[in-house]
Enquirer: 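Could you have a look at this structure, given as structure tokens, before my questions?
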Amino acid sequence: MSHRMLHLLLQSVLPLGKGCIFISLCSLTLIPDFFACCCLSCVFLQDVVVASGFTVGKSPTVHKDKLHTFNLLLSGDNACIYVRTFINKAPKYTYVRLGDLKAGSVVNVYGVVVFFKQPFKSRGTDFCSSLKITDQSNQKIGCTIFCEKLEDHPKIFQIGDIVRMHRVKTQFFNDSITLVNTFGFSVVTFDGVAGSAMDPRTSSRSFHLDQEDRQTVEELRSWAASQTILPPVPSSPLSAVQPKAYFDLTCQLLAKAPIDTTCTLLKVWDGTRCPHTLLKVIVEPNAIEGPTSFSTEIENLIANVLVYDNHVEFARQLKPGDFLRIYNLRAIPGSSKVPGLTSSQSEEVDHLAFHLHGGTAYGRGIRVLPENSPDVLELKRVIEALPEDGELNDSAMLEIWSTPPESLGKNGCWMERSCGHDIQSVTLSELKQCDPGRVHHVRVQLRSYEPRRLHQALKLYCSKCTSIQDVPDDELVASLFSEASKDPGPCSPPPWAFSGWVDIPGDSPGSSKRALSVHLSTQLMSEGKTKELIFLMGSTLEETCRLTSGYQNIVPVRASGGHMALLDLSAPFLFRGRKRYYGCRQCSEAAAREPCAEGVELIDEKIIAEALGVQLLQFVLLMKLELQDGTDTLEAFLWRDAESFFRVSAEDVAANQEAQNSIRQTMDSLCPAGGSTGECPWLDLCLTVYRAEDDGGQNQTCYQICHTTITKTPSTQSDPAPA
DNA sequence: GTTTAGGTTTTG
């Protein structure tokens, strides 16, 4: 009968001395000294308690105490009590239909967005959002929101989005009621697509969303779907753009460059091909933020967007890699005068330029879309499905090198090309004369490589901003954990969490136990998945690692401003067994949120990262190899194809010694320590040649090993040197 | 418990 889970509604709570509480509804007695470490005063009436890992047994004292005939007994180390508290019970809000608004009151409303402007700078102290909403009463109500902080504004992405606003005042303007935010204003926005995820967009620290709210949103969604009076969504991919049209473009920013004080160039793509020739804008390479050159294939997919006047300042804050929606973008056909330099192509007639004119009319503006929004996920799918391109623009790769010398051991092995290119090998001196953008075969020896400390070859890579960083060492991570657990102060758990305590097993038998605060997703709890994901507070790095044997996913959290927050992203945001996962500090909007695990078979790092707003960093291997043949030497990167080169995954290298050893053995074989180059095996490699920017913003030619795999065969024959 | 804006297309 162990590991039963009981959901008990506490009608009354009577502490019965140390380690024991009495629950009157079910009259079950909890006996263990487990409670010695739990603070019973934090359990209140109406709280829901979940006990797991207890044994239900006949109460031996039933005749004496007249209590329930059964009691719960702690069994084993895995017992947990989770308490769902309602201490900070949200007040009940009432919402006024838009047809029932009266001037001169403060109300809460729901509405479907039929028009909106992104926040713009007002002449006063605030940003101003302008929107118009409607509901089943068919009234269209204008709303004006003034907030100093951008994040407090409604996060509206599209016509049809649904907003819930608290504390807006009604007032007359031009004979109709309008809504303006007032003290205590807050807003939550939802996607308007019927049946889509109920993913609330808000900066409100604590907002309440119950079943009634979900129902209201779903009702508005299906009502809106049945309405024909709602304006159409003016979105279009590049492949469907009509000349002269105004449209909304969902895209990724690849690079940007200031043109003059009133105009900035944004180079964007959405993975689709525009049937019209796109305007090429030529700017000084050192004025460009992001890659300065692209392959012809990619170049043909890039739309050059010129943004003017008030949008220039907003564009300044954008980063290459950002996913954007540009509202009311205009496709301008024919030649047009562009400030700065344009190629001769701008004189031709059949091409499209894209202008985001000044002003905010028609909602003109730019918005950064979050990584996990459905439109961005779709955009990523389209972009990832594009045929892979040979040319790379990894300027970050050139900057990351560290060079500590160290020496290593022996043995032989061969390489095998898997590229399928049917081309003759060239010598290194010939290769250096070749133009970028092609692949070549070479027959070379490995003269040296960096880093000699192989663990430094392991890096963390952000696919969004393309930055590469070192994996933080344990000392740094441990210090972040101890910093985070210092004096946490009071912390109210998020509304979706069950809270409880978990015993940390002592590191040796008999050593004292420590109980730490944990939070679990209500939804996972209800599915009985108590071991799949915990949010763990106040643990040391070492304790966190020890708990990974009992829980599949551990997200370390801390108390911040009375709320649960993630640790600094320099620390892993997730522990899965021996694997640790990191997030990009630049690209994440991290917060402790409940993952949507409905119907999810396996809760993995991707699902958790997405829920937490973390841009997951990928483990990669990065090395620089000095190659030689009889004619020259050449430095080549081993990066994109490093995993297949070594036949290991970088993630495994991060987590296990075996994978690390196999890389060491390979490198020892290819480049025996202390040996003369005569002992180095000859390697058949496939190399790609490409241009990338160095730290000085200068283009330089780079070489990278691709499509080449180690074959674990000890070398017994000596290969002849190439001619 | 003050102000801002109050949709409606640049003129590149």
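Side-chain atoms are counted along with the backbone in the values below, which use heavy atoms only and exclude waters and symmetry mates. First the proteins, then the strands, lettered A, B, ... as listed; each starts at 1.
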Enquirer: Given atom CG of A:D260 and atom P of B:dG12, what is their separation to the nearest angstrom?
Expert: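 Roughly 13 Å, once rounded to whole Å.
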Enquirer: Nearest whole Å is fine: how far is B:dT11 P from A:Y246 OH?
Expert: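 Distance check: A:Y246 OH to B:dT11 P gives 10 Å.
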Enquirer: Taking syn as within 90° of 0 and anti otherwise, name the glycosidic form of B:dT9.
Expert: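 This nucleotide is in anti.
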Enquirer: Show every salt bridge (charged side-chain N to carboxylate O under 4.0 Å, His left out) that has at least one partner inside residues 245-256 of chain A, sequence neighbours left out.
Expert: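 Those involving residues 245-256 of chain A are A:K256-A:E289.
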Enquirer: Produce a footprint string for nucleotides 2-8 of chain B: one letter per nucleotide, 5' end first; B if the base is under 4.0 Å from any protein heavy atom, S if only the sugar-phosphate is, - if neither.
Expert: -BBBBBB
Enquirer: Which pairs pass side-chain hydrogen bond (donor to acceptor under 3.5 Å, both in side chains) with one or both residues in residues 142-152 of chain A, sequence neighbours excluded?
Expert: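 Sorted result for residues 142-152 of chain A: A:D152-A:S203.
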Enquirer: Could you give all pairs that pass the ring-ring contact (aromatic ring centres under 6.0 Å, His included) test and reach residues 94-129 of chain A, with sequence neighbours left out?
Expert: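 Counting only pairs at least two positions apart or across chains, the ring-ring contact (aromatic ring centres under 6.0 Å, His included) contacts touching residues 94-129 of chain A are A:Y95-A:Y110, A:Y95-A:H166, A:F116-A:Y327.
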Enquirer: Given atom CG of A:L306 and atom P of B:dG12, what is their separation to the nearest angstrom?
Expert: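 Computing the A:L306:CG to B:dG12:P distance gives 12 Å.
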Enquirer: A:G358 near the nucleic acid: base, sugar-phosphate alone, or nothing, with a heavy-atom cut-off under 4.0 Å?
Expert: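 Here A:G358 touches the bases of the nucleic acid.
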Enquirer: Can a donor-acceptor pair under 3.5 Å be found between the side-chain atoms of A:R330 and the base atoms of B:dT9?
Expert: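 There is none.
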Enquirer: Expressed as a whole number of Å, how far does the P atom of B:dG6 sit from that of B:dT10?
Expert: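 Result for the P pair: 14 Å, nearest Å.
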Enquirer: Suppose the criterion is side-chain hydrogen bond (donor to acceptor under 3.5 Å, both in side chains): which pairs have a residue in residues 358-370 of chain A, not counting sequence neighbours?
Expert: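 Found A:K117-A:T360, A:Q118-A:R367, A:N328-A:R364.
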Enquirer: What about the rings of A:F323 and A:W269, do their centers lie closer together than 6.0 Å?
Expert: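 Not close enough - the centres of the two rings lie 6.0 Å or further apart.
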Enquirer: Expressed as a whole number of angstroms, how long is the span from A:D248:CG to B:dT9:C1'?
Expert: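 Distance, rounded to whole Å: 13 Å.
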Enquirer: Filter on side-chain hydrogen bond (donor to acceptor under 3.5 Å, both in side chains), then keep only pairs touching residues 374-387 of chain A, sequence neighbours left out; what's left?
Expert: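 The answer is A:R325-A:D375, A:E371-A:K380, A:E378-A:R381.
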